[in-house]
Amino acid sequence: MPATVETPWPVALLSTKIRGYIERLGTVWVEGEVTQWGASGGNVYGKLKDLSEDATVSFTIWSSVRSRLTGEFSQGDRVVALVKPSYWVKGGTLTMQVFELRHVGLGDLLERLERLRKQLAGEGLFDVSRKKPLPFLPHCIGLVTGKNSDAEKDVIRNAQLRWPAVTFRVAHSIVQGDRAAGEIIAAIQRLDADPEVDVIIVARGGGDFQNLLAFSDEGVVRAAAACSTPLVSAIGHEADRPLLDEVADLRASTPTDAAKRVVPDVTDELNRVQQAKARLSTRLTGILSHEVDRLTQLRSRPVLAGTDWIVDSRSEDLTRYVARGAELVGRAVERADSVVADLRSQLRALSPQGTLDRGYAIVQLDSGHVLHAPEDAPDGTPLLITLARGSVNATSTESASGVAPTK
């Protein structure tokens, strides 16, 4: 009978009809990610999430089916399951009863990862030139890892054993499952924004290939590439390297290896300092000893044994130079005297005084002009006669020959 206000169905009837409709769906193969896996009494109760959409269904694996499963399954696995919808009338819940469960073929996952790897490599996210050097001695280390995990304990313990003063900023996140990628991205960004964090370590203590898929998530890889703080990947998985290893500034094989490569050993550094001081001391001592020996050799030479030799050797040169100078000056003076004597003789021979000394005289008129002809001195002309020694005054008189004698 159809349900009406007057004749409503009982809840049990509705539930029974719902179960009938659902059971007619039969079995179907579905693919998804195991986001919850809990065993109780040999049975398994969990949830299966769509790989791309926000859709989740519950599933149940009875002990009889579980005993036939060939693989080991856990949270975070990607699987293909043969399920049959089952509606529990008493509780009003829908669940999927699992009859077969298989891991998704690794070939498919590897192909997807390889395509993503090539895409990110083509964008240059894996280039060596982008990798940042780690600080020699970080004061504060950012750590992204699971809460209370062995990886967290290993990193902190080994780092503080090597350098006790180092501090940590720990950002916990789940490291597998559907929410792992988002939490890892948030943790990396939070630590990168902290100005006190010098280096970031993303650590997990290994795991199988599927459990590490969160560290190959495109969002995680891009968050690591955009990180301005040097980042170390310490996933601890050698066989299948997640993409985070490719983009990280440094890849460590294990969380313990990350602690050793990020933090120097204080004992080793102190030993290096002592060795450097010893080498420096030895080198300086050798240089000083060499210079002292060289100075001793220089001081032992005759030229430095006494200082009188400098004056003595130069005094002989000075005496020789003085004598030579006096000789040269004397010769120059003699030559100059000879030249002066010659010039004096020539001057005397050519001078008017020489002519006067030979008996000649110079007759001058009152005007001072020299008398050259008798007609220039008519009778009674006063004259001045200059002799070799002195002069006399005279007056001209006319002679019979027409020459005016003087008197």
Side-chain angles (χ1 to χ4, degrees), residues 1-113 115-116 146 173-184 207-214 216-219:
M1 297 291 292
T4 64
V5 176
E6 291 77 14
T7 58
W9 286 353
V11 173
L13 178 59
L14 175 63
S15 299
T16 301
K17 289 184 176 293
I18 292 175
R19 182 178 64 181
Y21 287 129
I22 291 176
E23 288 180 348
R24 284 199 294 269
L25 293 175
T27 57
V28 62
W29 286 99
V30 296
E31 180 182 1
E33 179 182 353
V34 177
T35 60
Q36 182 177 326
W37 182 277
S40 176
N43 303 320
V44 175
Y45 304 94
K47 290 186 177 181
L48 194 64
K49 181 182 179 297
D50 188 271
L51 297 178
S52 58
E53 301 292 336
D54 188 12
T56 305
V57 294
S58 300
F59 66 84
T60 302
I61 304 177
W62 304 120
S63 58
S64 58
V65 176
R66 185 183 182 188
S67 63
R68 298 196 306 269
L69 298 180
T70 58
E72 293 294 330
F73 300 90
S74 61
Q75 180 179 343
D77 291 351
R78 294 188 180 182
V79 297
V80 174
L82 179 62
V83 300
K84 180 180 179 181
S86 176
Y87 185 76
W88 187 33
V89 174
K90 185 177 180 180
T93 57
L94 175 66
T95 185
M96 300 294 153
Q97 183 178 350
V98 177
F99 293 97
E100 289 188 41
L101 188 65
R102 303 174 185 175
H103 285 291
V104 172
L106 293 180
D108 295 338
L109 290 176
L110 290 174
E111 184 179 355
R112 296 176 193 173
L113 287 180
R115 286 199 300 268
L116 180 58
S173 70
I174 60 174
V175 291
Q176 68 182 51
D178 59 328
R179 294 186 294 111
E183 292 192 11
I184 293 172
D208 62 32
F209 173 74
Q210 291 184 330
N211 289 339
L212 299 179
L213 289 177
S216 294
D217 183 84
E218 182 176 358

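Scored by the side-chain hydrogen bond (donor to acceptor under 3.5 Å, both in side chains) test, Thr7 finds Thr4 as partners (sequence neighbours excluded). Judged as a side-chain hydrogen bond (donor to acceptor under 3.5 Å, both in side chains), and not counting sequence neighbours, Ser58 has no contacts. In this structure, Glu31 has no side-chain hydrogen bond (donor to acceptor under 3.5 Å, both in side chains) partners at least two apart in sequence or on a different chain. Residues satisfying the salt bridge (Lys or Arg N to Asp or Glu O under 4.0 Å) test with Glu23, not counting sequence neighbours, are none. For the side-chain hydrogen bond (donor to acceptor under 3.5 Å, both in side chains) test, no residue two or more places apart in sequence or in another chain qualifies with Ser67. Applying the salt bridge (Lys or Arg N to Asp or Glu O under 4.0 Å) rule to Glu33 yields no partners; only residues at least two apart in sequence or on another chain are considered. Checked against side-chain contact (heavy atoms from CB on, under 4.5 Å), Gln75 has the following partners two or more places apart in sequence or in another chain: Gln176. Among residues two or more places apart in sequence or in another chain, the side-chain contact (heavy atoms from CB on, under 4.5 Å) test is passed with Val30 by Val28, Leu48, Ala81, Val83. Under the rule for a salt bridge (Lys or Arg N to Asp or Glu O under 4.0 Å), Arg66 has no partner lying at least two apart in sequence or in another chain.
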| task | Give the C-alpha distance, both sets of side-chain angles, the deciding distance and a yes or no for side-chain contact (heavy atoms from CB on, under 4.5 Å) between Leu101 and Phe73. | result | CA-CA 9 Å; Leu101 188 65; Phe73 300 90; 3.8 Å; yes

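Within the structure, the salt bridge (Lys or Arg N to Asp or Glu O under 4.0 Å) test picks out no pair touching residues 48-60 (sequence neighbours left out).
Summarising the geometry, atom CZ belonging to Arg179 is positioned 4.0 Å from atom CD1 belonging to Ile174; distances are rounded to the nearest 0.5 Å. Rounded to the nearest 0.5 Å, atoms CD (Glu100) and OG1 (Thr27) are 9.5 Å apart. Between the CG atom in Asp77 and the OG1 atom in Thr35 there is a gap of 11.5 Å [rounded to 0.5 Å]. Taken to the nearest 0.5 Å, the CD atom of Gln36 stands 10.0 Å off from the OG1 atom of Thr56.
With a 4.5 Å cut-off on side-chain heavy atoms, Phe59 and Trp37 count as touching. Inter-residue side-chain proximity for Arg102 and Val79 is flagged as unmet; no heavy-atom pair is nearer than 4.5 Å.
Scanning both residues, Leu113 and Ser216, for their nearest heavy atoms gives CD2-CB, 3.5 Å. The heavy-atom pair separating Ala180 from Ala214 by the smallest distance is CB-CB, 3.7 Å.
With Val98 as reference, Ile61 is the one residue of Leu69, Ile61, Val44 to meet the side chain to side chain contact (heavy atoms under 4.5 Å, CB included) rule.
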Scan the side chains in residues 14-22 for donor-acceptor partners under 3.5 Å anywhere in the protein, sequence neighbours excluded, and list what turns up.
| residue | atom | partner | partner atom | Å |
| --- | --- | --- | --- | --- |
| Ser15 | OG | Val11 | O | 3.1 |
| Thr16 | OG1 | Ala12 | O | 2.6 |

Which side-chain N or O atoms in residues 84-94 pair as donor and acceptor under 3.5 Å with protein atoms at least two apart or in another chain?
none

